[in-house]
Amino acid sequence: MKSNRLDILYEDKDIIVCVKPHGTAVQTKNTSAPDMVSMLKTHIFSQEPQNGEPYLAVIHRLDQPVEGILVFAKSPFAAKELNRQLQNKGFGKYYRALVDAIPPREEDTLENYMLKDGRTNTSRICTPDTPGAKQARLHYKILQEGQGYFKKGHGETKRGRGKSQFPPSPAGPQTELDIQLDTGRHHQIRVQMAHLGCPIAGDTKYNPGALNGGEWQQIQLCAYKLSFRHPRTGRQMDFSLL
């Protein structure tokens, strides 16, 4: 189901599940650029204008350059229940990433401590005793040929979304990973993979190689799968872009 620029996967009176495109913020104070919250509120209002300004709660977020599936709450009840699930690890959040280089292990769990710098809007790996440090954990697995979401070297997803114009990595081989996120730290996947020596292709913030060529690049990271229980019915909800 599509509404204008929205790609809506599911909607009822309590929730709305949609795909956030690359380059669109979940929510921003910049009135010159549309964000997901404003577009979704416009969509809901167009269906039920008699109800006035729609209620819409942000449950989880994606970085502005990252594409992927998000769920929003359309009622306070749904917001409370979805937040409870999120805090109790009731969400399944899965990503596909194309990284420069090859990880040292075919499958592994990465556990680090991270610190966010609000002045530069970046995060970094730090020691556990650093003031403000938060634990970050994810699990990755190298994908075999034929299982990929990205067409290597082109940055075009199977759903046919925007092509990113960037040259092959000067560092050599690229590897596609399936990643399950256990914690939701600021720029977590991007920082942990860069720390591993496998920065995400097209990530101009954490991948020095992505700056080569002088061309605009699109980060090769997508939240392709999301699972949770419906806040009112308890039914298992699974959404995937594959």
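In this structure, Val26 is a member of the same hydrophobic cluster as Leu181, with clusters built from ILVMFWY side-chain heavy atoms closer than 4.5 Å. The hydrophobic cluster containing Val191 does not contain Leu138, counting ILVMFWY residues as joined when their side-chain heavy atoms lie under 4.5 angstrom apart, directly or transitively. Note on Tyr206 and Ile125: same hydrophobic cluster, where clusters join Ile, Leu, Val, Met, Phe, Trp and Tyr whose side-chain heavy atoms are under 4.5 Å apart, directly or indirectly. Follow the hydrophobic side-chain contacts under 4.5 Å out from Val71 and you never reach Tyr55; the two are in separate clusters. By the rule that hydrophobic residues join a cluster once side-chain heavy atoms approach within less than 4.5 Å of another member, Leu56 and Ile8 end up as members of one cluster.
Closest approach of Phe45 to Pro54, counting heavy atoms only: N-CG, 3.7 Å. Contact between Val66 and Leu221 at its shortest, heavy atoms only, is CG1-O, 3.4 Å. Between Pro231 and Ile15, the shortest heavy-atom distance links the atoms CG-CG2, 3.7 Å. Looking at every heavy atom in both residues, Gly197 comes nearest to Ala101 through O-CB, 3.8 Å. When all heavy atoms are compared, the tightest approach of Gly184 to Lys93 is CA-NZ, 4.4 Å. Heavy-atom minimum distance, Leu241 versus Ala223: CD1-O, 4.4 Å.
Annotation: side chain of Tyr224 is not in contact with side chain of Ile69 (no heavy-atom distance under 4.5 Å). For the pair Leu242/Tyr94, no side-chain contact is recorded, criterion being any heavy-atom separation below 4.5 Å from C-beta on. Side-chain atoms of Leu6 and Met36, non-hydrogen and from C-beta on, do get closer than 4.5 Å to each other. Residues Gln64 and Thr28 fail the side-chain proximity criterion, which asks for heavy atoms closer than 4.5 Å. Using a 4.5 Å heavy-atom cutoff, the side chains of Met114 and His195 are not in contact. Residues Ile200 and Val99 are in side-chain contact: their nearest non-hydrogen atoms beyond the backbone lie under 4.5 Å apart. Residues Pro103 and Leu177 have side chains in contact (heavy-atom distance under 4.5 Å, counting atoms from C-beta outward). Under the 4.5 Å side-chain criterion, counting only non-hydrogen atoms from C-beta, Tyr95 is in contact with Ile189.
Between Ile44 atom CD1 and Glu11 atom CD the span is 6.0 Å, to the nearest 0.5 Å. Note: Gln174 CD to Leu98 CG = 4.5 Å, rounded to the nearest 0.5 Å. In this structure, Asn112 CG and Gln135 CD are separated by 9.0 Å, a value rounded to the nearest 0.5 Å. We find the CG-CG distance between Leu70 and Leu40 to be 9.0 Å, quoted to the nearest 0.5 Å. In this structure, CG in Asp178 is found 5.5 Å from CG in Leu143, a value given to the nearest 0.5 Å. Atom CD of Glu176 and atom OH of Tyr149 lie 9.5 Å apart (nearest 0.5 Å).
For Arg84, the CZ atom counts as densely surrounded, since its 6.0 Å shell holds more than 12 non-hydrogen atoms of other residues, nucleotides or ligands. Within 6.0 Å of CD on Glu53 lie no more than 12 heavy atoms contributed by other residues, nucleotides or ligands.
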Side chain to side chain contact (heavy atoms under 4.5 Å, CB included) assessment of Lys116 paired with Lys134: CA-CA 9 Å; Lys116 179 181 177 180; Lys134 294 183 178 180; over 6 Å; no

Working for side chain to side chain donor-acceptor pair (under 3.5 Å), residues Ser75 and Asp14: CA-CA 5 Å; Ser75 67; Asp14 287 304; 2.9 Å; yes

Hey, mind stepping through Cys198 and Thr175 against side chain to side chain contact (heavy atoms under 4.5 Å, CB included) and telling me if it holds? CA-CA 9 Å; Cys198 301; Thr175 310; over 6 Å; no

Show the numbers, then the answer: is there a salt bridge (Lys or Arg N to Asp or Glu O under 4.0 Å) between Glu81 and Arg229? CA-CA 9 Å; Glu81 172 57 24; Arg229 292 196 173 275; over 6 Å; no

Going through the checks in order, is the side chain to side chain contact (heavy atoms under 4.5 Å, CB included) test met by Thr130 and Tyr113? CA-CA 9 Å; Thr130 302; Tyr113 283 84; over 6 Å; no

Kindly indicate, with the supporting measurements, whether the criterion side chain to side chain contact (heavy atoms under 4.5 Å, CB included) is fulfilled by His230 and Asp12. CA-CA 10 Å; His230 192 282; Asp12 62 25; 2.7 Å; yes

Could you walk me through whether Gln188 and Thr183 satisfy the side chain to side chain donor-acceptor pair (under 3.5 Å) test, starting with their C-alpha distance in whole Å, then the side-chain angles of each, then the deciding distance to 0.1 Å, before giving a yes or no? CA-CA 8 Å; Gln188 179 181 335; Thr183 56; 2.9 Å; yes

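With hydrogens and angles ignored, the 3.5 Å screen pairs a side-chain donor or acceptor of Gln220 with a backbone N or O of Gln218.
Defined by atom type and a distance below 3.5 Å, a donor-acceptor pair is missing between the side-chain atoms of Ser123 and His187.
Of the listed residues (Asp108, Thr109, Leu110), just one forms a side chain to side chain contact (heavy atoms under 4.5 Å, CB included) with His139, and that residue is Thr109. Put simply, the residue from Asp117, Asp63, Asn121 that forms a side-chain hydrogen bond (donor to acceptor under 3.5 Å, both in side chains) with His186 is Asn121.
Residues passing the side-chain hydrogen bond (donor to acceptor under 3.5 Å, both in side chains) test with Tyr140, sequence neighbours excluded: none. Listed by chain and number, the residues in a side-chain hydrogen bond (donor to acceptor under 3.5 Å, both in side chains) with Thr24 amount to none (sequence neighbours excluded).
Aromatic ring pairs are classed by plane angle as parallel below 30°, tilted from 30° to 60° and perpendicular above 60°; the pair Phe228 and Phe91 is parallel.
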